[in-house]
Amino acid sequence: MEVKMQEIIKLIVLHMQGDLSETQQKELDRWLNANPRNRDFFHQVTSREKAKEKFLIKEHINSEKAFRQFSSNIRPARIRYIRKISIYAAILILPVLLSIFILIRQHEGTSRSASTETPITPGKTKAILTLAQGETIELSADRSPASLPSGLHLKGQENELIYNPSDSPKQDIQYHELATPRGGEYKITLPDGTFVHLNAGTKLKFPTRFDTSKREIFLSGEAYFEVAKDNARPFYVITDIAKIKVHGTAFNVNTLLNHQTQTTLIQGSVGIFVQGDKQEHMLKPSQQAEIDNTTKTISIREVDASSYIAWKNGVFQFDDERLESIMDKLALWYDVNVFYQNDAAKDIRFTGYLKRYDDINIILNAIETTVSASFRIKEKTIIIN
């Protein structure tokens, strides 16, 4: 890294401390006026809010652990550079320094070959609604469907499907299915007022009118739920391996993991029934039930529940997570394939807080900067070495 860039970072840090001399201010101004990219870089570094949005500034992330991980994977020259900057940065917490370093890496640019014919873009609002008779309706924020069946309407910028309440016993119970593809997400409010946010690669099957004694829906994939309270009719989420009984609550269910089904409780309470077992396993807020799909065994543990629902808020939040798990999530959201040139890379761990709608190169640069792995893009495949 050029000595000049070290000097510029020193000036930026002194600017943030309010300790710039007149000569140093002129030197910083010359650099800012030399290139629009310099000004953009300056604003990203000095804006605490942007840093918080993009990188590691999150109170519940262990900064010291992140830096130890960073140090163990990064080249010594880069560590020495961070240490030099830190001499001038007594007011800045460690995650800010890491954020600045990542911004420097992006500012300097990272060459990554990619085909212009097949651009990699983040996921967006889109889904397919399949009606009881098999008719399909394409839903997206880009265009409105020609018509919707009676009792349905769209909300906002066509990013949420609303089912009007209907408890008429004269109305037949029909099932609809909402499916998000790879690179898609969608929101739906069910006839009872329950809100569901579907992640990419998810299918939700539900009735157009709930039964008078219970409410049952079927899920494959990942979804976040806010269930409408109804003491007379318990709410059930049924997956291939479990039945989740809901007692008016907010929670996340994920069946996309390798051989596992996870239920993470945010608030309220839920009971988990493993397929073939009548025992109900109760969860408390900030607990997670993990079922082994092969052995049908269940384990319950305390977790930071916010990290498991960060996706619905447009964020990737990773806390000492395996690279294989991270890349599975990126592949689903960006609709790409992943190829490992060395299987050992799958066990590399990364801690970070990144925006879900960012360009894929920003995400890969942030990971590449802090772990001993490199990424190359060929067509719609990310190759990891």
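Bear in mind that the values here come from a model prediction, so they are computed numbers and not experimental data. In what follows, residues are counted from 1 in the order of the sequence shown.
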Enquirer: For Glu324 and Tyr340, run side chain to side chain contact (heavy atoms under 4.5 Å, CB included): C-alpha distance rounded to whole Å, both residues' side-chain angles, the deciding distance at 0.1 Å, then the answer.
Expert: CA-CA 9 Å; Glu324 183 179 27; Tyr340 296 88; 3.8 Å; yes
Enquirer: Check whether the side chains of Thr23 and Ser21 place a donor and an acceptor atom closer than 3.5 Å, and report yes or no.
Expert: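 Not at all, the side chains of Thr23 and Ser21 share no donor-acceptor pair under 3.5 Å.
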Enquirer: Hey, what do you get for CD (Gln262) to CG (Asn254), rounding to the nearest 0.5 Å?
Expert: 6.0 Å
Enquirer: Against the six-membered ring of Trp333, is Arg182 placed for a cation-pi contact (under 6.0 Å from the centre, within 45° of the normal)?
Expert: no
Enquirer: Report yes or no: do Thr125 and Glu185 form a side-chain donor-acceptor pair below 3.5 Å?
Expert: no
Enquirer: Please tell me whether Ile217 and Leu178 are part of a single hydrophobic cluster in this structure, the criterion being side-chain heavy atoms less than 4.5 Å apart.
Expert: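 They do share one cluster, since a chain of ILVMFWY contacts under 4.5 Å joins Ile217 to Leu178.
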Enquirer: Regarding Ser220 and Asp240, is there a side-chain donor-to-acceptor distance under 3.5 Å anywhere?
Expert: no
Enquirer: So, do Gln317 and Ser306 sit near enough that their side-chain heavy atoms are less than 4.5 Å apart?
Expert: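 A side-chain contact exists here, since the closest heavy-atom pair is under 4.5 Å.
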Enquirer: Taking Asn313 for the side chain and Val315 for the main chain, is one N or O donor matched with an acceptor at less than 3.5 Å?
Expert: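 Checked: no pair found.
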Enquirer: For Ile377 and Asn361, what are the C-alpha separation, side-chain angles and deciding distance, and is it a side chain to side chain contact (heavy atoms under 4.5 Å, CB included)?
Expert: CA-CA 9 Å; Ile377 296 175; Asn361 283 292; 4.1 Å; yes
Enquirer: Please test Tyr163 against His176 for ring-ring contact (aromatic ring centres under 6.0 Å, His included), starting from the C-alpha separation and ending with a verdict.
Expert: CA-CA 11 Å; Tyr163 276 72; His176 289 181; 5.7 Å; yes
Enquirer: Any side-chain donor-acceptor pair under 3.5 Å between Tyr186 and His197?
Expert: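 No pair is found: no donor N or O on one side chain lies under 3.5 Å from an acceptor on the other.
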Enquirer: Below 4.0 angstrom, N of the basic side chain to O of the carboxylate: do Asp347 and Arg322 qualify?
Expert: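 So Asp347 pairs with Arg322 through a salt bridge.
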Enquirer: Shortest non-hydrogen contact from Pro191 to Pro207?
Expert: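 Taking every non-hydrogen atom into account, CG-O, 3.7 Å.
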Enquirer: Could you grab the distance from atom CG of Asp277 to atom NZ of Lys243, nearest 0.5 Å is fine?
Expert: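 These two atoms lie 13.0 Å from each other.
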Enquirer: So, for Gly271 and Met282, which heavy atoms are closest and what is the spacing to 0.1 Å?
Expert: CA-SD, 3.7 Å
Enquirer: Is it the case that over 12 heavy atoms from other parts of the model lie below 6.0 angstrom from the NZ atom of Lys126?
Expert: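 Atom NZ in Lys126 is crowded, with more than 12 foreign heavy atoms closer than 6.0 Å.
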Enquirer: Looking at Tyr175, I'd like to know if the NZ or CZ of Lys205 sits under 6.0 Å from its six-membered ring centre while staying within 45 degrees of the ring's axis.
Expert: yes
Enquirer: Would you say Gln287's side chain and Lys284's backbone share a donor-acceptor pair under 3.5 angstrom?
Expert: yes
Enquirer: For the hydrophobic clusters of this structure (ILVMFWY residues joined by side-chain heavy atoms under 4.5 Å, transitively), does one cluster hold both Leu354 and Ile120?
Expert: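 Leu354 and Ile120: one cluster.
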Enquirer: Could you tell me which non-hydrogen atom of Ile266 sits nearest to which non-hydrogen atom of Ala305, and how far apart they are?
Expert: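 Nearest heavy atoms, Ile266 then Ala305: CD1-CB, 3.7 Å.
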Enquirer: List the steps and the verdict of side chain to side chain contact (heavy atoms under 4.5 Å, CB included) for Ile326 and Phe350.
Expert: CA-CA 8 Å; Ile326 292 171; Phe350 172 78; 3.7 Å; yes
Enquirer: So, taking the atom named CG in Leu257 and the one named OG in Ser325, what distance separates them when rounded to the nearest 0.5 Å?
Expert: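 Answer rounded to 0.5 Å: 7.0 Å.
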Enquirer: Under 3.5 Å, is there a donor on one side chain and an acceptor on the other for Gln288 and Thr264?
Expert: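 Note: Gln288 and Thr264 side chains meet the donor-acceptor criterion.
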Enquirer: Would you say the side-chain atoms of Thr180 pair up with the backbone N or O of Thr202, donor to acceptor, closer than 3.5 Å?
Expert: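 Yes.
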Enquirer: Answer yes if Ile300 and Val237 sit in the same cluster of Ile, Leu, Val, Met, Phe, Trp and Tyr residues linked by side chain heavy atoms under 4.5 Å apart, and no otherwise.
Expert: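 Same hydrophobic cluster.
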Enquirer: Please tell me if the side chains of Asp230 and Phe235 come closer than 4.5 Å, counting only heavy atoms from C-beta onward.
Expert: no
Enquirer: Go through it in stages, so that I can follow the logic: the residues are Leu139 and Leu161, the test is side chain to side chain contact (heavy atoms under 4.5 Å, CB included), and I'd like the CA-CA distance, side-chain angles, deciding distance and then a yes or no.
Expert: CA-CA 9 Å; Leu139 302 170; Leu161 185 64; 4.1 Å; yes
Enquirer: Does any N or O in the side chain of Arg215 come within less than 3.5 Å of the main-chain N or O of Arg233, such that one atom is a donor and the other an acceptor?
Expert: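 Answer holds: yes.
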Enquirer: Under 4.0 Å between a side-chain nitrogen and a carboxylate oxygen: does that hold for Asp211 and Lys214?
Expert: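 No, no charged N to carboxylate O under 4.0 Å.
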Enquirer: Do Ser140 and Asp142 pair up side chain to side chain, a donor and an acceptor below 3.5 Å, judged on atom types alone?
Expert: no
Enquirer: So does Lys26 pair up with Asp29, basic N to acidic O under 4.0 Å?
Expert: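 No salt bridge links Lys26 with Asp29.
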Enquirer: Between Met327 and Phe375, what is the shortest heavy-atom contact and its length?
Expert: SD-CE2, 4.0 Å
Enquirer: Can you see which heavy atom on Ala373 is nearest to which on Leu323, and at what distance?
Expert: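 What the structure gives for the nearest pair is CB-CD2, 4.3 Å.
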Enquirer: Assigning hydrophobic clusters by single linkage (Ile, Leu, Val, Met, Phe, Trp, Tyr; side-chain heavy-atom cutoff under 4.5 Å), is Phe316 placed with Trp311?
Expert: no
Enquirer: To the nearest 0.5 Å, what is the distance between CD1 (Ile367) and OG (Ser374)?
Expert: 12.5 Å
Enquirer: Could you state the interatomic distance from CG (Leu265) to CZ (Phe225), rounded to the nearest 0.5 Å?
Expert: 13.0 Å
Enquirer: Let me confirm one number: the CG-CG distance from Leu198 to Leu204, rounded to the nearest 0.5 Å.
Expert: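 One finds 5.5 Å between CG of Leu198 and CG of Leu204.
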Enquirer: With clusters defined by side-chain heavy atoms of hydrophobic residues (ILVMFWY) lying less than 4.5 Å apart, directly or transitively, does Leu152 cluster with Leu154?
Expert: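 Yes; Leu152 is reachable from Leu154 via cluster members.
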Enquirer: Give a yes or no on whether the backbone of Asp320 and the side-chain of Thr351 come within a donor-acceptor separation of less than 3.5 Å.
Expert: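 Answer holds: yes.
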Enquirer: Quick one about His259 and Asp292 (side-chain donor to acceptor, distance below 3.5 Å, no hydrogens or angles considered), yes or no?
Expert: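 No, His259 and Asp292 have no side-chain donor paired with an acceptor closer than 3.5 Å.
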Enquirer: Do Lys312's NZ or CZ and the ring of Tyr224 fall within the cation-pi criteria of under 6.0 Å and 45°?
Expert: yes
Enquirer: Regarding Lys329 and Glu222, does a basic nitrogen lie under 4.0 Å from an acidic carboxylate oxygen?
Expert: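 Between Glu222 and Lys329 there is no salt bridge, as every charged N stays at least 4.0 Å from the carboxylate O atoms.
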Enquirer: Shortest non-hydrogen contact from Leu256 to Ala200?
Expert: CD1-O, 3.7 Å
